[in-house]
Amino acid sequence: MKKHVLTALLLAAVFVGLLPGARATETEEAAPVAISARAGVLMERETGTVLYEENAHEALEPASVTKVMTMLLVAEAIDSGSISLEDTVTASAYAASMGGSQVYLEEGEQMTVSEMLKAVAVASGNDAAVALAEHLRGSEEAFVSAMNQRAAELGMEDTHFCNCTGLPAEGHVTSAYDIALMSQELLSHEVIRDYTGIWMDTLRDGTFQLANTNKLIYYYDGATGLKTGFTQGAGFCISASAERDGMELIAVVLGSETSSDRFESAKAQLNYGFGGWTMTDVTDGVALPPVPVNLGEKESVRTAVEGGRMLITKSDVGRLTTELTLEETVEAPVAAGDVLGTLTVSLDGQVLRALPVTAADSVERKTFGSIFREMIGELLPG
C-alpha cells in the first residue's frame, strides 16, 4: 500500500533516558553535583533514568531508609485489598521492645494500619514497623523474607535485609541504586503520598506529637517524601523525592557525616535534576488524521499514539522533530490497536524513538447485505 508522510516540528528537547536505569549525560544548564556522602544516586521516577551517581552500587548500611521496603509491602497489601487502612493492628511485646526511633507502643496497644503507617512514614517508628510486619506476615522473620523476595523481583542486586527497621544487623546492606529502585516502586502507590508528605501530625487522639524526620518536606519546593535514616554505622542517610512541573526525582544519599550534609546533598542532586531536565509529551501538537478504510462499515478509522512522554534536556529545547508515517488506506476489518503507522522522534536527524500509531477504534467489514442495501439506496430516487 502507498503511504503518506506528515512532518511537524516540536519545541522540545533531546531524549536522554529511553530505558529504565539508563544514564543521562550532563547538561550545560545543570551545575555539577557535589555531595558530602559515601554514595548517592539521582533518578527520574517515571523512566528510571539515572541522572547522577556516586558509588551507586556500593553495599552499605541503610539504617531506617530500610523502611522504604517495609512501606512498599504495606502499600502493596493495601492496594491489593488484603488489608485496609482501617484494620486494627495490635502491638506485640516484641514490637513494643524495639529501640531507636519509636512511638512508644505498649504491648497490646492497638492502632489502625493508617496510624501505624503514619508512625513509620513520619516518625520512623521501629515499633510501628514491626507491628505492621507482624500484622501482614505473622512474624518479622516472615516479613523480612518477603522483603528480600520483593527486592530480588525489583532487580536490587546489592541488597540483603535482616530486619524491617534498619536497626544495626550483620549483613543488612543495600546500595544507593537499589534504594532508588524501591523508592521508585513505592511512589507508584498513591496511598503512600498521604503519609510521606506529612510535616507534623498526631497519634493517640492528638496527645502524641509527630514531626517528620525529613526536613526537606518543610523547606524544599515540591518535596513529596520519602525516608531518612541514621545509625552510627550507616551515618546519615535519606531517600528524598520531589516533584516539579510533572517530573518527579528521587535523590538517595548514604553515609553523610552530619544531618545537614545529608539534606544538602539531597538538595544538590534535586537542584541538578530540576535545573537540567524536564518531562514532555512529544505527541502534543501532532495532528493524527484518520485513515480511510476500504470495505468498512465506517469510511475511516481514528488513530492514536501512546508512550510519548519523554525525559529531555532543557539545553536542547527546540531541536527535536517528529515524522508521522501512516498507511494511505487499510482494508476492513480493523481492530482497535492495529498498527497503522509510526511517529518517529529525531534529534538532528538521529532517530531517538519510533512510536507505533494504532487504530483507536474497531471497524467491521461490510457484509453482503449491507453492500446490497447501499446499492439499492443509490439506485432509488432521493
Side-chain angles (χ1 to χ4, degrees), residues 37-41 53-76 92 94-103 105 116-117 119-121 123-186 196 213-214 225-240 250-257 259 262 266:
R38 290 185 61 179
V41 160
E53 60 182 275
E54 177 88 15
N55 299 324
H57 291 281
E58 182 178 356
L60 297 169
E61 296 179 52
S64 281
V65 180
T66 296
K67 296 186 181 84
V68 169
M69 180 60 80
T70 303
M71 291 189 290
L72 173 59
L73 294 189
V74 174
E76 289 178 339
S92 68
Y94 176 65
S97 73
M98 291 297 109
S101 301
Q102 55 187 302
V103 292
L105 292 174
M116 290 287 189
L117 186 55
V120 173
S124 196
N126 293 322
D127 44 3
V130 172
L132 283 169
E134 292 176 336
H135 182 72
L136 261 68
R137 297 286 178 159
S139 69
E140 184 185 22
E141 181 180 5
F143 187 85
V144 171
S145 178
M147 291 171 67
N148 284 314
Q149 179 180 341
R150 193 71 182 98
E153 291 169 355
L154 292 174
M156 297 168 57
E157 298 180 354
D158 311 315
T159 297
H160 178 74
F161 295 118
C162 296
N163 56 54
C164 68
T165 60
L167 288 168
E170 184 68 29
H172 185 94
V173 294
T174 186
S175 66
Y177 179 74
D178 282 3
I179 289 171
L181 284 180
M182 64 178 178
S183 298
Q184 179 191 27
E185 189 67 21
L186 178 59
T196 59
T213 56
N214 178 9
L226 197 57
K227 191 70 199 72
T228 61
F230 170 76
T231 63
Q232 289 295 334
F236 291 88
C237 310
I238 190 171
S239 177
I250 299 163
V252 179
V253 176
L254 294 178
S256 288
E257 292 186 0
S259 181
R262 159 182 63 189

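All of these numbers come straight from a predicted model, not from anything done at the bench.
The backbone N or O of F161 sits less than 3.5 Å from a side-chain atom of N148, completing a donor-acceptor pair. Not one N or O on the side chain of D158 forms a donor-acceptor pair closer than 3.5 Å with the backbone of T174. A donor-acceptor pair is defined here as one N or O able to donate and one able to accept, closer than 3.5 Å; no such pair exists between the side chain of H160 and the backbone of H172. Using a distance-only test at 3.5 Å, with no hydrogens or angles considered, a donor-acceptor pair links the side chain of R262 to the main chain of C237.
Distance check, rounded to the nearest 0.5 Å: CG of L186 to CD of E76 gives 9.0 Å. Summarising the geometry, atom SG belonging to C164 is positioned 12.0 Å from atom CD belonging to E141; distances are rounded to the nearest 0.5 Å. Summarising the geometry, atom CD belonging to E61 is positioned 8.5 Å from atom CZ belonging to R38; distances are rounded to the nearest 0.5 Å. Note that CD of E157 is 9.5 Å distant from CG of L181, once rounded to the nearest 0.5 Å. For the atom pair CG (N126) and OG (S101), the distance works out to 6.0 Å, reported to the nearest 0.5 Å. Here I179 contributes atom CD1 and L254 contributes atom CG; the two are 4.0 Å apart, rounded to the nearest 0.5 Å.
Residue M147 forms a side chain to side chain contact (heavy atoms under 4.5 Å, CB included) with just one option from T159, N163, L72, T66, and that option is T66.
At least one side-chain heavy atom of M69 sits under 4.5 Å from a side-chain heavy atom of L154. Within the 4.5 Å cutoff, the side chain of V253 has no heavy atoms near those of the F236 side chain. In this structure, R137 and L73 have side chains that are not in contact, with every pair of non-hydrogen atoms separated by 4.5 Å or more. When side chains are defined from C-beta on, L226 does not count as touching I250, because their heavy atoms never get closer than 4.5 Å.
Using modelled atom types and a 3.5 Å distance limit, the side chains of N214 and T228 yield no donor-acceptor pair. At a cut-off of 3.5 Å, with distance as the only test, a side-chain donor of S92 or E134 sits close to an acceptor on the other residue. Side-chain contact annotation: Y94 with E140, donor-acceptor N/O pair under 3.5 Å present. A side-chain donor from one of S124 and K227 sits under 3.5 Å from a side-chain acceptor of the other.
What you find for A95 and D127 is that their closest heavy atoms are O-CB, 3.1 Å. L132 and V120 make their closest contact through CD1-CG2, 4.0 Å (heavy atoms, listed as atom of the first residue, atom of the second, distance). Shortest non-hydrogen contact noted between I238 and A266 is CG2-CB, 4.0 Å. What you find for V41 and A56 is that their closest heavy atoms are CG2-CB, 3.5 Å. For the pair A180 and V252, the tightest heavy-atom approach, listed with the atom from each and the gap, is N-CG2, 3.8 Å. Closest heavy-atom contact between A131 and L105: CB-CD1, 4.3 Å.
A salt bridge links E185 and R150; the closest N-O separation between the charged side-chain nitrogens and carboxylate oxygens is under 4.0 Å.
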Worksheet item: When you look at V173 and L60, which way does the side-chain contact (heavy atoms from CB on, under 4.5 Å) test go after all the steps?
Response: CA-CA 5 Å; V173 294; L60 297 169; over 6 Å; no
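More than 12 heavy atoms of other residues, nucleotides or ligands lie within 6.0 Å of CD in E153, so this atom counts as buried by the packing criterion.
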